[in-house]
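Values reported hereafter were calculated over all heavy atoms of this structure, with side chains retained and with hydrogens, waters and symmetry mates removed. Keep in mind that what you see is a predicted model, and the values were worked out from it rather than measured. Per chain, numbering begins at 1; letters A, B, ... match sequence-line order.
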Number of protein chains: 2
Amino acid sequence: MLEKKQNPLFVGTLAKGLRVLRAFDESHVSLSLAELVKLTGLEKSAVQRLAHTLHQEGMLERDPGTRRYRPSHAWLELAYAYYWSDPLISRALPKLVEFSRVHGETVNLAQISGDHIIYALRLPNQRTQFAASIIGRRVAALGTAAGRVMLATWSAQEVAHALESWPLHAMTPKTITDRAVIAQEIAQAAQDGYSLTQGQMILNEISLAVPITGIDGRAHAALQVAVSSHSFDPERVRQELLPALLDTASGIPGETLMQEPRS
Amino acid sequence: MLEKKQNPLFVGTLAKGLRVLRAFDESHVSLSLAELVKLTGLEKSAVQRLAHTLHQEGMLERDPGTRRYRPSHAWLELAYAYYWSDPLISRALPKLVEFSRVHGETVNLAQISGDHIIYALRLPNQRTQFAASIIGRRVAALGTAAGRVMLATWSAQEVAHALESWPLHAMTPKTITDRAVIAQEIAQAAQDGYSLTQGQMILNEISLAVPITGIDGRAHAALQVAVSSHSFDPERVRQELLPALLDTASGIPGETLMQEPRS
DNA sequence: AGTTGATGTATCATTATTTAATACATAGTA
DNA sequence: TACTATGTATTAAATAATGATACATCAACT
């Protein structure tokens with residue numbers, strides 16, 4: 001039915017079901033059948049059946065009154081399984097907790113995910129925007145200190161490729177959209193071993209990121225602290241937070257050397 | 001192919017795909033094709049196709065060397081969508097952050113989910129077990145202070161039903177498995193407005209929970225603090241933490257009165 | 001009240017898709 | 001080298017998903 005022919009191993013029905021799940025996001029917190037039809041582009045009958053099945057299987061809640069579908073607790077259980085599956089998480093979490101406890105500032109673990117970063121762990125400390133406090137958020141990597149400091153550990157070709165092809169979205173009036181400037185920032189981060197941004201995601205926010213590097217020196221994750229520019233200026237961040245953050249990051253091995261044994 | 005006949009709206013293929021996803025948990029962090037076959041009970045060919053599709057669609061990572069499948073970052077994105085969809089989360093989060101900042105102790109938001117509780121928000125402060133620090137964990141409700149204090153706001157019939165039919169698993173040598181004793185605890189919690197347990201989930205841990213009640217007085221969520229019995233005794237918890245926790249919980253409305261508008 | 005339009009629900013013949021068996025490929029072990 | 005377990009590829013067969021359609025329900029408007 002769809003124009004795109006695939007490998008015979010491809011199960012279209014499952015892919016469609018996933019499209020229904022992924023229709024939910026921060027601007028679509030609950031969806032009616034008709035809305036699902038619009039968002040997924042699937043047939044009304046198909047959405048009816050898929051949503052029914054997802055509901056039966058406990059993946060979607062349904063409001064009996066409005067008949068709208070919502071994500072279920074199962075979506076949090078999946079995150080739980082993810083956390084166990086990613087070996088970096090268990091190594092990083094205690095260090096983040098310790099940093100948060102000592103410094104009382106917001107600290108995050110970001111991982112590269114294609115051309116975005118995703119926040120895998122967040123320990124919010126100050127009042128901040130909701131989106132900036134919850135895990136799973138994806139942001140264009142080039143626009144973040146975390147993304148830049150990871151790129152700073154990569155090869156020149158990889159950086160060049162990222163600079164010309166990765167997306168970049170203006171989030172605040174101060175967001176840098178000039179890729180040449182970002183190239184500079186990455187080069188600077190490569191020298192300094194950290195990246196610091198101001199007001200890129202949220203106004204009046206200073207963000208400091210350091211890489212979590214593996215044995216080959218390449219980073220796929222970064223530690224990041226976010227502070228308000230009302231309480232900090234960049235210099236104070238460098239003096240008070242940077243050494244501790246570097247220290248914390250160095251205590252987190254960036255790579256696993258062995259595979260999991262059979263279960 | 002399965003013996004169970006369903007509503008014609010039920011799409012079996014999608015349900016099978018979900019079974020593959022749900023095969024991953026804390027003791028199955030990565031799975032080979034053969035292991036997926038065992039765990040899901042599906043045909044090898046089916047698993048081959050479903051896993052292939054989930055991989056194509058970005059729901060499963062695959063190690064090119066070992067050919068084992070793992071959860072992908074998409075699992076965290078789903079949690080992100082969940083957080084936006086549940087209106088309690090955005091109301092509770094800033095209060096939890098504030099509590100955590102002021103008291104420096106671990107605080108959680110638990111929600112009832114069938115006969116289990118699920119930890120929807122966690123702000124760990126002290127070093128503690130990994131499982132106790134990450135969101136999405138489900139625990140038998142009767143065995144937790146949070147579950148008991150929620151039940152304490154329910155009707156006598158509901159409590160009776162829960163006491164006789166809900167599961168209960170011994171996690172530590174001190175775990176109470178006598179349902180009569182738990183009945184007592186619930187009755188006590190109904191009087192006190194809080195529930196306090198010691199060493200039920202983790203030895204040397206004291207857990208204090210208070211309900212988040214809606215206008216009808218029934219709770220579907222609870223705030224819970226966990227402290228080490230090395231630093232606290234129950235009396236000190238009651239004196240130092242309980243008033244603040246009650247205060248925090250009372251600042252979180254437990255129910256929404258209006259529905260979301262169309263998108 | 002009655003009409004209209006939008007949404008959710010139910011049914012069913014058609015056929016495209018999944019199925020499950022099998023054969024082949026590859027890798028690790030004895 | 002042979003053996004076993006695991007992953008991959010290819011089919012014919014028929015099951016199970018499809019999508020069109022009809023019906024039901026509800027809200028808004030005249």
Side-chain angles (χ1 to χ4, degrees), chain A residues 1-21 23-24 28 30-57 59-70 258-263, chain B residues 1-21 23-24 28 30-57 59-70 258-263:
Chain A
M1 57 126 313
L2 279 182
E3 56 299 327
K4 196 202 304 179
K5 76 261 164 192
Q6 287 262 179
N7 184 318
L9 291 177
F10 189 79
V11 180
T13 307
L14 175 54
K16 287 181 206 165
L18 296 175
R19 269 164 93 175
V20 172
L21 286 184
F24 295 86
H28 301 99
S30 83
L31 290 168
S32 67
L33 190 61
E35 289 165 348
L36 277 170
V37 169
K38 282 183 206 112
L39 281 166
T40 60
L42 301 173
E43 292 291 330
K44 178 174 151 181
S45 313
V47 173
Q48 179 188 5
R49 277 177 274 121
L50 297 169
H52 169 84
T53 305
L54 291 168
H55 177 52
Q56 288 279 313
E57 294 294 307
M59 293 300 296
L60 290 177
E61 292 298 340
R62 185 166 210 200
D63 185 308
T66 66
R67 305 181 162 178
R68 297 173 72 81
Y69 293 97
R70 288 187 304 103
M258 50 189 170
Q259 293 301 330
E260 301 294 330
R262 17 240 64 202
S263 57
Chain B
M1 60 131 306
L2 278 181
E3 56 298 327
K4 195 203 301 179
K5 76 265 169 189
Q6 287 264 177
N7 184 320
L9 291 178
F10 189 80
V11 180
T13 306
L14 175 54
K16 287 182 204 161
L18 296 175
R19 268 165 94 175
V20 172
L21 286 184
F24 295 87
H28 302 98
S30 83
L31 290 169
S32 67
L33 190 62
E35 288 165 348
L36 277 169
V37 169
K38 283 183 206 111
L39 280 167
T40 60
L42 302 172
E43 292 292 328
K44 177 172 152 183
S45 315
V47 174
Q48 180 188 185
R49 276 176 280 118
L50 298 168
H52 170 83
T53 305
L54 291 168
H55 178 52
Q56 288 279 313
E57 294 294 307
M59 293 300 296
L60 290 178
E61 293 297 341
R62 185 165 211 199
D63 185 309
T66 66
R67 305 182 160 176
R68 297 172 74 82
Y69 293 97
R70 288 185 302 106
M258 49 190 173
Q259 292 300 329
E260 302 293 331
R262 18 242 64 205
S263 56

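Listed by chain and residue number, B:Tyr69 satisfy the side-chain hydrogen bond (donor to acceptor under 3.5 Å, both in side chains) test with B:Arg62 (two or more places apart in sequence, or in another chain). Contacts of A:Leu21 classified as side-chain contact (heavy atoms from CB on, under 4.5 Å), with partners at least two apart in sequence or in another chain: A:Leu18, A:Leu54, A:Met59, A:Leu60, A:Trp75. With sequence neighbours left out, the side-chain contact (heavy atoms from CB on, under 4.5 Å) criterion links A:Ala15 to A:Phe10, B:Thr53, B:Glu57.
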Show your working on side chain to side chain contact (heavy atoms under 4.5 Å, CB included) between A:Val20 and A:Leu31 and close with a plain yes or no. CA-CA 10 Å; A:Val20 172; A:Leu31 290 168; over 6 Å; no

Take A:Leu9 and B:Gln48 through the test side chain to side chain contact (heavy atoms under 4.5 Å, CB included) and record every step on the way to the result. CA-CA 8 Å; A:Leu9 291 177; B:Gln48 180 188 185; 3.8 Å; yes

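Rounded to a whole Å, the NE2 atom of A:His52 is 14 Å from the P atom of D:dT18. A:Leu42 places its CG atom 16 Å from the C1' atom of D:dA20, with the value rounded to the nearest Å. Rounding to whole angstrom units, CZ of residue B:Arg62 and C1' of D:dT6 are separated by 11 Å. Summarising the geometry, the separation between CG on A:Leu31 and P on C:dT7 is reported as 13 Å, rounded to the nearest angstrom. Atom CZ in B:Arg68 sits roughly 15 Å away from atom C1' in C:dA27 (whole-Å rounding). Atom P of nucleotide D:dA16 and atom CG of B:Leu50 are separated by 14 Å, given to the nearest angstrom. Between B:Phe10 atom CZ and D:dA17 atom C1' there is a gap of 13 Å when expressed in whole angstrom units. Rounded to whole Å, atom P of D:dT8 lies 18 Å from atom CD of B:Glu43.
The rotation axes computed at either terminus of the helix from C:dA1-D:dT30 to C:dA30-D:dT1 lie 40° apart, taking five pairs at each end and rounding to 10 degrees.
Taking the nucleotide of DNA chain C with the nearest heavy atom to each of A:Thr13 and A:Leu33, the more 5' of the two is matched to A:Leu33. Between A:Ser32 and A:Gly12, it is A:Ser32 whose nearest contact on DNA chain C lies nearer the 5' terminus.
Taken to the nearest 0.5 Å, the CG atom of B:Leu36 stands 11.5 Å off from the CZ atom of B:Arg19. Note that CD of A:Glu35 and OG of A:Ser30 are 7.0 Å apart. Values are rounded to the nearest 0.5 Å. Of the inter-residue distances, the one linking B:His55 atom NE2 with B:Leu50 atom CG reads 14.5 Å to the nearest 0.5 angstrom.
The two residues B:Ala23 and B:His28 come nearest to each other via the heavy atoms O-CB, 3.6 Å.
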Restricting to nitrogen or oxygen on both sides, can you table the protein-nucleotides 9-13 of chain D pairs closer than 3.5 Å?
unit_1	atom_1	unit_2	atom_2	d
D:dA9	N7	B:Gln48	OE1	3.1

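A donor-acceptor contact under 3.5 Å links the side chain of A:Arg49 to the base of D:dG19.
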